[in-house]
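Okay, structure first, notes after.
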Amino acid sequence: IDKDGTILTNHHVVDSAKKITVRLSDEREFPARVVGTDQPTDIGVIQIENDRTHPATLSPISLGNSDDMEVGDWVVAIGNPFGLEHTVSAGIISAKNRTQKDVPLDPSGYYNFIQTDAAINQGNSGGPLLNLRGEVIGINSAIRGGGAQNIGFAIPINMVKQLLPVLMRDGHLTRSALGVEMVELRQLTEEERKQHKIADDVRDGVYVDTVAAGSGAESGGLQPGDVIVAFDGTPVTRGTELQWFASTKGVGKNVAIKILRDGLPLEKKVRLGILPTR
């Protein structure tokens with residue numbers, strides 16, 4: 001992604017690696033080192049250790065805007081499936097916003113996958129998913145098991161771009177935390193909705209099930225039964241969104257949380273804490 005030889009890949013591709021070699025399409029090989037990785041998003045960053053005698057003379061690829069992509073848009077996947085180097089496959093975006101519930105990965109991870117029917121197999125991991133302008137809009141990361149064909153998943157590049165500066169600087173991420181356990185609104189029973197005076201037309205938001213003792217949520221006045229509808233000015237439609245917003249905002253940041261309590265709109269100020277490592 002730059003002329004210095006910074007390369008995006010997956011955490012699971014370089015995890016625990018003791019030696020990394022980058023082979024270019026012209027068969028030149030260069031040693032590389034891990035700059036940073038993040039297991040919960042499966043993002044990895046490595047760096048070619050450039051030899052002045054044999055400069056890499058790399059041409060970086062452009063990063064696109066994954067938010068602009070729509071279901072049905074054409075995409076191209078590049079990788080080395082089953083060791084077949086520089087394989088290209090084409091398809092469309094089949095779906096967006098796939099989560100860990102849709103892909104059998106670490107349930108504690110932060111996933112907002114692009115689903116594609118462009119052929120992705122073992123060996124495609126870390127390769128780019130491109131739009132028709134040749135811009136990277138995703139990192140190929142996972143496939144659906146059980147013999148399913150043409151169901152592959154890529155990490156949206158906008159998610160990667162948000163985390164990349166921190167990974168380049170620190171080598172890892174320290175996540176912030178709101179301090180609540182949440183439930184999707186659609187999982188509530190009609191009785192629970194009536195108990196907390198949640199109107200029938202309220203479908204977007206996240207139900208607060210529990211509030212952690214000593215957390216920013218507790219200090220800020222959030223309570224079980226609240227429905228979080230916006231985080232720091234951004235509407236919240238589902239739990240995975242709130243999880244991402246809260247974990248990437250920053251430890252110690254003060255944020256405004258808009259809620260519904262017994263059907264009435266309120267706003268609370270919450271100072272984010274540190275998300276404990278698992």
For R133, salt bridge (charged side-chain N to carboxylate O under 4.0 Å, His left out) partners two or more places apart: E135
When rounded to the nearest 0.5 angstrom, what is the spacing between [atom1] in [X] and [atom2] in [Y]?
X	Y	atom1	atom2	result
Q122	F82	CD	CZ	5.5 Å
I48	T21	CD1	OG1	10.5 Å
H12	T37	NE2	OG1	12.5 Å
K249	N254	NZ	CG	10.5 Å

Would you mind reporting whether [Y] and [X] have side-chain heavy atoms less than 4.5 Å apart?
X	Y	value
L178	I228	yes
I274	V251	yes
S125	V13	yes
I46	I20	yes
I257	D232	no
V22	E29	no
V227	I198	yes
N131	D73	no

Examine [X] and [Y] and state if one hydrophobic cluster contains both, with Ile, Leu, Val, Met, Phe, Trp and Tyr joined whenever side-chain heavy atoms are less than 4.5 Å apart.
X	Y	answer
M159	L167	yes
L266	V180	yes
I259	V270	yes
V255	V211	yes
I157	M168	yes

Worked check of side chain to side chain contact (heavy atoms under 4.5 Å, CB included) between I1 and L63: CA-CA 8 Å; I1 59 171; L63 304 183; 4.0 Å; yes
If we ignore angles and hydrogens, is there a donor and acceptor under 3.5 Å between the side chains of D42 and H11? no
Answer yes if the side chains of Q47 and R33 hold a donor-acceptor pair under 3.5 Å, and no otherwise. no
Measure across [X] and [Y] and return the closest heavy-atom pair with its distance rounded to 0.1 Å.
X	Y	value
G126	T9	CA-OG1, 3.8 Å
N10	I155	ND2-CD1, 3.7 Å
H86	S25	NE2-CA, 3.8 Å
I114	I137	CD1-O, 3.5 Å
V136	P128	CG2-CB, 4.0 Å
R98	Q115	NE-OE1, 2.7 Å

Should V160 and I139 be marked as a side chain to side chain contact (heavy atoms under 4.5 Å, CB included) after you check the CA-CA gap, both sets of side-chain angles, and the distance that decides it? CA-CA 9 Å; V160 180; I139 300 178; 3.9 Å; yes
Does the plane of the ring in F245 sit parallel, tilted or perpendicular to the ring in F231? Use 30° and 60° as the thresholds.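 It falls in the parallel class, under 30°.
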Got a donor-acceptor contact below 3.5 angstrom from the [X] side chain to the [Y] backbone?
X	Y	value
K96	M69	yes
R238	V206	no
N140	A154	no
T6	D2	no

Contact list for [range], test side chain to side chain donor-acceptor pair (under 3.5 Å), sequence neighbours left out:
range	value
residues 60-72	N65-D68, N65-N158, S66-N158, D67-N158
residues 203-225	H196-Y207
residues 159-184	D38-R175, Q162-W244, Q162-T248

Pairs involving residues 255-275, ordered by first then second residue, that meet salt bridge (charged side-chain N to carboxylate O under 4.0 Å, His left out) (sequence neighbours left out):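 Every salt bridge (charged side-chain N to carboxylate O under 4.0 Å, His left out) pair that includes a residue of residues 255-275, provided the two are not neighbours, is D226-R261, E267-K269.
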Qualifying salt bridge (charged side-chain N to carboxylate O under 4.0 Å, His left out) pairs with a residue from residues 114-131, counting only residues at least two apart or across chains: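 Listed once each, the pairs would be none.
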Does I92, at its CD1 atom, have more than 12 non-hydrogen atoms belonging to other residues, nucleotides or ligands within less than 6.0 Å?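 Above 12, so yes.
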Count the heavy atoms belonging to other residues, nucleotides or ligands that lie under 6.0 Å from CZ of R23, then report whether that count exceeds 12. no
Side chain to side chain contact (heavy atoms under 4.5 Å, CB included), that's the test. Do L185 and V202 meet it? Break it down for me. CA-CA 9 Å; L185 279 182; V202 175; 4.1 Å; yes
CA sep, side-chain torsions, deciding dist, call: I43, L163, side chain to side chain contact (heavy atoms under 4.5 Å, CB included): CA-CA 9 Å; I43 297 171; L163 303 184; 3.9 Å; yes
Could you tell me whether K194 and E191 have a side-chain N and a carboxylate O separated by less than 4.0 Å? no
